[in-house]
Trainee: 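Sharing a structure here in C-alpha cells format.
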Amino acid sequence: MVSYKSLGLVNSVELFKKAMAGKYAIPAYNFNNMEQLQAIIQACVETESPVILQVSKGAREYANQTLLRYMAQGAVEYAKEISGGKGIPIVLHLDHGPDFETCKSCIDLGFSSVMIDGSHLPYEENIKETKRVVEYAHQHGVTVEGELGVLAGVEDDVKAETHTYTRPEEVEDFVKRTGVDSLAIAIGTSHGAYKFKPGDNPRIRLDILAEIEKRIPGFPIVLHGSSSVPQDQVAIINANGGQLKDAIGIGEDQLREAAKSAVCKINIDSDGRLAMTAAIRKVFVEKPAEFDPRKYLGPARSSLKELYKRKNIEVLGSAGHAND
Ligand code: G3H
Ligand code: 13P
Ligand code: ZN
C-alpha cells in the first residue's frame with residue numbers, strides 16, 4: 001500500500017473548492033505515454049494550472065498501471081524542475097474505473113482519485129458499487145467520482161449508442177447515499193471525435209446542468225466527452241492521407257460557459273489524439289525519409305502542449321490558478 005501523499009500528489013478536494021469559487025474547471029487530460037505526459041505537464045506549468053492526470057482502462061492495458069503510476073510520480077518532480085522548484089498541484093486519477101477491485105488496486109498503488117463508473121448499472125446497483133468504493137477510498141484520503149446518466153458515443157470500452165441524460169431528480173439521493181466527492185453527468189457531451197452528425201444542433205443541455213445545480217448547490221460536477229474536435233487539426237489529418245469524415249465536437253464557448261458553473265472538472269482526450277495524429281501525419285508526408293521516432297513524436301508533443309495551453313487559458317479558465 002503506497003499513499004499518494006508520499007508521492008507528492010494531491011486529491012481533488014481543495015482543487016474543486018477553489019475551482020468552484022473561482023468559476024473555472026480543472027483540466028483532466030488522459031495520458032498513455034511519455035510524450036503525452038510531458039506535453040500535459042509542460043502546458044500546465046507554463047500556464048500555471050493545476051492538473052488531473054487521467055489513466056483509463058485502455059491506458060492501463062496499453063502501458064501498465066504500475067509504470068503509469070511511476071511516470072506520474074516522476075511528473076511531480078519534472079513539474080518542479082521546469083517551474084523553478086514551485087511545481088503545480090497534480091492529481092492522479094483512474095478514469096472510468098469499471099469495478100471496486102480496479103479502484104482498490106489503483107488506490108493501493110498510489111492514485112489520489114478514482115472514478116467508479118456505474119452509469120451502465122441499474123440505479124440501486126450503481127449506488128451500492130459506488131458506496132463500496134467511497135468507503136475504501138475515504139479511508140485513504142482518496143477522492144471518488146461517480147456517474148449518473150449515460151453518455152452517447154463510442155470509445156473503445158466506453159460505449160453507449162444513445163444518450164440517457166442525467167435525471168436531476170436523482171442526483172441529491174445519489175450523492176447523499178454514496179458519499180461521492182464529485183458527480184459526472186450526461187448532458188449531451190459524448191466520447192470520441194464523432195459527437196454530432198452534420199445537420200445536428202451541436203448544443204449541450206445547460207438547462208439540465210442548471211437544474212442539477214439547484215438540487216445539489218456547490219457540489220462538484222464533472223463533464224466527460226468534452227473534446228471540441230478542432231477542425232484545423234482534422235483538416236491537417238485529412239490533407240495528409242487521413243480519412244476523418246464528419247468529425248464534430250462540442251463548441252468551446254459552451255464548455256467555457258459550463259466551466260463558470262459547478263462544473264469543476266472537464267475531461268479531454270480525443271482533441272489531444274487529433275493534435276498528435278495531425279503532427280505525425282504531416283512529418284510522414286513532408287519527410288518520408290525520416291525514421292527517428294523523436295522526429296515525429298517531438299512535433300506531436302509540441303502540438304499537444306500548445307493545444308492544452310490554449311485549453312487552460314481560453315476554455316477551462318484554469319490558467320494562473322496553480323497557487324490559489
Ligand atoms: O473516456 C475515454 C477516454 O478517452 C479514454 O479512452 O479507454 O481508449 O484510453 P481509452
Ligand atoms: P473526449 O473523447 O471527448 O476527449 O472525452 C474524454 C473523456 O471523457 C475521458 O474520460
Ligand atoms: Zn470519459
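Ligands are counted one by one from 1 in listed order, and the atoms in each one are counted from 1 as well. Positions are given from 1 along the sequence.
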Trainee: Within ligand 2, which atoms have a heavy atom of Ser190 less than 4.0 Å away?
Mentor: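 Listed by number with element: 3 (O).
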Trainee: Is Ser56 touching ligand 2 with its side chain, its backbone, both, or neither, if touching means heavy atoms under 4.0 Å apart?
Mentor: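 Near ligand 2, Ser56 shows nothing, with every heavy atom at 4.0 Å or more.
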Trainee: Near Ile268, which atoms of ligand 2 are under 4.0 Å from a heavy atom of that residue?
Mentor: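 The atoms of ligand 2 under 4.0 Å from a heavy atom of Ile268 are 4 (O).
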Trainee: Using a 4.0 Å cutoff against the non-hydrogen atoms of Asp269, which atoms of ligand 1 qualify?
Mentor: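 By the 4.0 Å cutoff, the relevant atoms are 3 (C), 4 (O), 5 (C), 6 (O).
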Trainee: So which of Met115, Glu61, His191, Arg273 gets nearest to atom 10 (P) of ligand 1, if we judge by its closest heavy atom?
Mentor: Arg273
Trainee: Does the plane of the ring in Tyr123 sit parallel, tilted or perpendicular to the ring in Phe174? Use 30° and 60° as the thresholds.
Mentor: tilted
Trainee: Could you list the atoms of ligand 2 found under 4.0 angstrom from a heavy atom of Asp95?
Mentor: 9 (C), 10 (O)
Trainee: Which atoms of ligand 2 have any heavy atom of Asn30 under 4.0 Å away?
Mentor: 9 (C)
Trainee: Please classify the Ala28 to ligand 2 contact at 4.0 Å (heavy-atom distances, strictly less than): side chain, backbone, both or neither.
Mentor: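 For Ala28, no heavy atom sits under 4.0 Å from ligand 2.
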Trainee: For Ser228 and Pro230, indicate whether the former's side chain and the latter's backbone hold a donor-acceptor pair under 3.5 Å.
Mentor: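 The answer is no, because no donor-acceptor pair under 3.5 Å joins these two groups.
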Trainee: Is it true that Glu211 and Arg215 make a salt bridge, defined as a side-chain N closer than 4.0 Å to a carboxylate O?
Mentor: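 Yes, this pair counts.
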Trainee: I'd like to know whether CD of Gln231 has more than 12 heavy-atom contacts from other residues, nucleotides or ligands below 6.0 angstrom.
Mentor: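 More than 12 heavy atoms, drawn from other residues, nucleotides or ligands, come within 6.0 Å of this atom.
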Trainee: Against heavy atoms of Asn30, which atoms of ligand 1 measure under 4.0 Å?
Mentor: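 Here the atoms of ligand 1 in question are 3 (C), 5 (C).
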Trainee: Quick check against the 3.5 Å criterion: does Asn126 have a side-chain atom that pairs as donor or acceptor with the backbone of Glu147?
Mentor: yes
Trainee: With respect to the Zn ion (ligand 3), what is the nearest N, O or S atom of His224?
Mentor: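 Checking each N, O and S atom of His224, the shortest distance to the Zn ion (ligand 3) belongs to ND1.
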Trainee: Is Lys195 in contact with ligand 2, taking contact as a heavy-atom separation below 4.0 Å?
Mentor: yes
Trainee: Should we say atom NZ of Lys128 is surrounded by more than 12 heavy atoms from elsewhere, each under 6.0 Å from it?
Mentor: no
Trainee: Would you say the side-chain atoms of Thr166 pair up with the backbone N or O of Leu148, donor to acceptor, closer than 3.5 Å?
Mentor: yes
Trainee: Which of the atoms of ligand 1 are close to Ser56, meaning less than 4.0 Å from one of its heavy atoms?
Mentor: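 Within the 4.0 Å cut-off of Ser56, ligand 1 contributes 5 (C), 7 (O), 9 (O), 10 (P).
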Trainee: List ligand 2 atoms under 4.0 Å from His224, heavy atoms only on the residue side.
Mentor: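 Checking each atom against His224, I get 8 (O), 10 (O).
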Trainee: Which atoms of ligand 1 have any heavy atom of His96 under 4.0 Å away?
Mentor: 1 (O)
Trainee: Determine, for Glu306 against Arg310, whether the closest basic-nitrogen to carboxylate-oxygen distance falls under 4.0 angstrom.
Mentor: no
Trainee: Taking 4.0 angstrom as the limit and counting only heavy atoms of His96, give me the atoms of ligand 2 inside it, by number and element.
Mentor: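 Answer for ligand 2: 10 (O).
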Trainee: Check each atom of ligand 2 against the heavy atoms of Ser226 and keep those under 4.0 Å away; list them by number with element.
Mentor: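 What qualifies from ligand 2 is 3 (O), 5 (O).
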Trainee: Of all the atoms in ligand 2, which lie at a distance below 4.0 Å from a heavy atom belonging to Ser270?
Mentor: 1 (P), 2 (O), 4 (O)
Trainee: Distance from Lys265 atom NZ to Asp181 atom CG, nearest 0.5 Å?
Mentor: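 Spacing of NZ (Lys265) from CG (Asp181) equals 12.0 Å.
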Trainee: Closer than 4.0 angstrom: is that true for some heavy atom of Gly272 and an atom of ligand 2?
Mentor: no
Trainee: Any luck finding a side-chain donor-acceptor pair between Gln65 and Arg69 under 3.5 Å?
Mentor: no
Trainee: Should Glu61 and Lys57 count as an ion pair when the cut-off is N to O under 4.0 Å?
Mentor: yes
